[in-house]
Protein chains: 2
Amino acid sequence: MSTRAEQLCAEIADAILSGDLTPGSRLDEQGLADRYQVSRTPVREALRLLAATGLIEVRPRRGATVAQVSSDQLVELFVAMGEIEATCARLSAISMSPIERRQLESLHERMAKIVDSGDEGSYAEANVVFHTRIYKGAHNSVLEEVANGLRRRLSPFRRAQFRAKGRLPLSHMEHTAVVDAILRGDADQAHQAMLRHVNLVEDTFEQMSAGVAAKRDLVA
Amino acid sequence: MSTRAEQLCAEIADAILSGDLTPGSRLDEQGLADRYQVSRTPVREALRLLAATGLIEVRPRRGATVAQVSSDQLVELFVAMGEIEATCARLSAISMSPIERRQLESLHERMAKIVDSGDEGSYAEANVVFHTRIYKGAHNSVLEEVANGLRRRLSPFRRAQFRAKGRLPLSHMEHTAVVDAILRGDADQAHQAMLRHVNLVEDTFEQMSAGVAAKRDLVA
DNA sequence: TATTCTCATATTGTATGCAATTATAAGTGT
DNA sequence: ACACTTATAATTGCATACAATATGAGAATA
């Protein structure tokens, strides 16, 4: 087992990613220390670790808050994510081993069945694996880390992404374009297909959040 | 003025980037505390901040050391850097404002004169500005941060990059291809030109480090 | 009544002390 | 002579205590 600070980092991250701690909420050091039965010291370290990943923001002398990204920043995050993913896809088309290609294809076929079953939860889960495989396939741990970091930062904002009507079959079709290009080693096509895919994810999100915003306006 | 930990972070980073602290050297908390006349607490925070940027490595219970990247990791860093820079160049070709394009062009012309003068120091300085302008021109703060972070991590390993014989005019020629593509809004060409440029930087580095390694072998 | 200044309170930043773990070195046995 | 064990020392991790600064309430004044 590692250090207490790292454990706290993971626990707090979970609390944020699960929606238990909502964006903008204040993270009181003493409060967290009490809650987790430790002193402030490891809590502080955990907060710095989280700040490094972008999940929270710490302003000197002003404490830490769960990062609340503006609409503009969210767009930037999605654009960056798309570019990084597209890069990974391009490199995967060049660098993936035959075994990795085979595994990607097999996963894609399994996901086809999940689409038919309509199980959104399973698809979301498999989707993470799908993208992770492509990060790994690029054979570059630096890019892989950046990609995983961005995905983590964005995950609070697309939890219900696949609830959008008919999104599952669409997502799978887009994946097909990506997988085909990677399997036949067409780097440029892989890049384009992945960029298109992530952009469409972004669009879906924007439509949904627009709906949520509308509801919020009605309630408020 | 910010917090003590951040100041220390900057000072230690300078010590590393200036070559004062060499890769692999141990960073004793108490030692640093004594050296900078503070207690261990802010030193610890500074070390975590540095670890987040990849400049140092901290292993639980085993202290911090200046990151020494293996030859493989170094290649990965250069590849990732190239991909990110190429992405920024492509986005710059699309997104740069007329003013930004004008500024890039002007800087490029100024650098031509520096090449003629043969002043390697001035060129290296201007080169950082050149690349930074392209990060900014992508109009995406996330990518910009990633790019700056990678550049920082790599900087210890290419300090003497422009000392390589005839590298200055070559670098400038490569820049010309990048600038031309960006100015005329040719995204694909900007991408390709930048990728080629960074790959050549990597090659240069590898030749030089091979030379250094050879010397080391002779000495040892 | 609104605004600004002051002061009290709460929270963060830093220092110090203690406990736990790891590195070091000495001593012993083969 | 070398490897292994054990004990000591040094260093990190965590807790607590103190100092410095931001925040908010309340009062005084325009």
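What you are looking at is a predicted structure, and each value in this text was computed from that prediction instead of being measured. Naming convention: chains lettered A, B, ... in sequence-line order (proteins, then strands); numbering from 1 in each chain.
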Report task. Fit a plane to each ring of B/H172 and B/H108, take the angle between them on a 0 to 90° scale, and name the class: parallel (under 30°), tilted (30 to 60°) or perpendicular (over 60°). Result -> parallel
Report task. Measure from the side chain of B/P60, starting at C-beta and using heavy atoms only, and say which of D/dG13, D/dA17, C/dT11 lies closest. Result -> D/dG13
Requested in this report: Compare side-chain N and O positions of A/T3 against OP1 and OP2 of D/dT12 and report whether any pair is under 4.0 Å apart.
Outcome: no
Requested in this report: Give one of base, sugar-phosphate or nothing for A/R4, where a contact means two heavy atoms less than 4.0 Å apart.
Outcome: sugar-phosphate
Requested in this report: Round to the nearest Å and state the distance from B/R44 atom CZ to C/dG17 atom P.
Outcome: 17 Å
Query raised in the report: For the residue pair A/H197 and A/H131, does the interplanar ring angle fall in the parallel (under 30°), tilted (30 to 60°) or perpendicular (over 60°) class?
Result: parallel
**Report entry** Protein-nucleotide distance (B/D34, atom CG; D/dT11, atom P), rounded to Å
**Finding:** 11 Å
Query raised in the report: Within the structure shown, what part of the strands sits under 4.0 Å from A/R61 by heavy-atom distance: base, sugar-phosphate, or nothing?
Result: base
Report summary line: Of the listed D/dA15, D/dT12, C/dT11, the closest approach to the A/D28 side chain comes from C/dT11
Report summary line: From OH of A/Y36 across to C1' of D/dC14 the rounded distance in Å is 18 Å
Query raised in the report: Separation of B/E29 atom CD from D/dG13 atom P, in whole Å?
Result: 6 Å
Query - Proximal nucleotide (of C/dG13, C/dA15, D/dA22) relative to the A/R62 side chain - result: D/dA22
**Report entry** A/R133: partners by salt bridge (Lys or Arg N to Asp or Glu O under 4.0 Å), with sequence neighbours left out
**Finding:** none
Report summary line: Of the listed D/dT12, C/dG13, D/dT16, the closest approach to the A/T41 side chain comes from D/dT16
Report summary line: A/L27 CG to C/dA10 P, in whole Å, measures 20 Å
Requested in this report: Rounded off to whole Å, could you give me the CD-to-P distance for the B/E45 and C/dT12 pair?
Outcome: 12 Å
Requested in this report: Report the residue (A/Q30 or B/V38) whose heavy-atom-nearest nucleotide on DNA chain C is the more 5′ of the two.
Outcome: A/Q30
Report task. Taking only the side-chain nitrogens and oxygens of A/R26, find out if one of them lies under 4.0 Å from OP1 or OP2 of C/dT12. Result -> yes
**Report entry** Short side-chain to backbone donor-acceptor contact, A/T3 and A/E6, under 3.5 Å
**Finding:** no
Query raised in the report: So, does A/S18 use its side chain to make a donor-acceptor pair with the main chain of A/D14 at under 3.5 Å?
Result: yes
Requested in this report: Spell out yes or no: do the side chain of B/R40 and the base of D/dG13 have one donor N/O and one acceptor N/O closer than 3.5 Å?
Outcome: yes
Requested in this report: Give the rounded distance in Å between these two atoms: CG of A/L32 and P of C/dT11.
Outcome: 12 Å
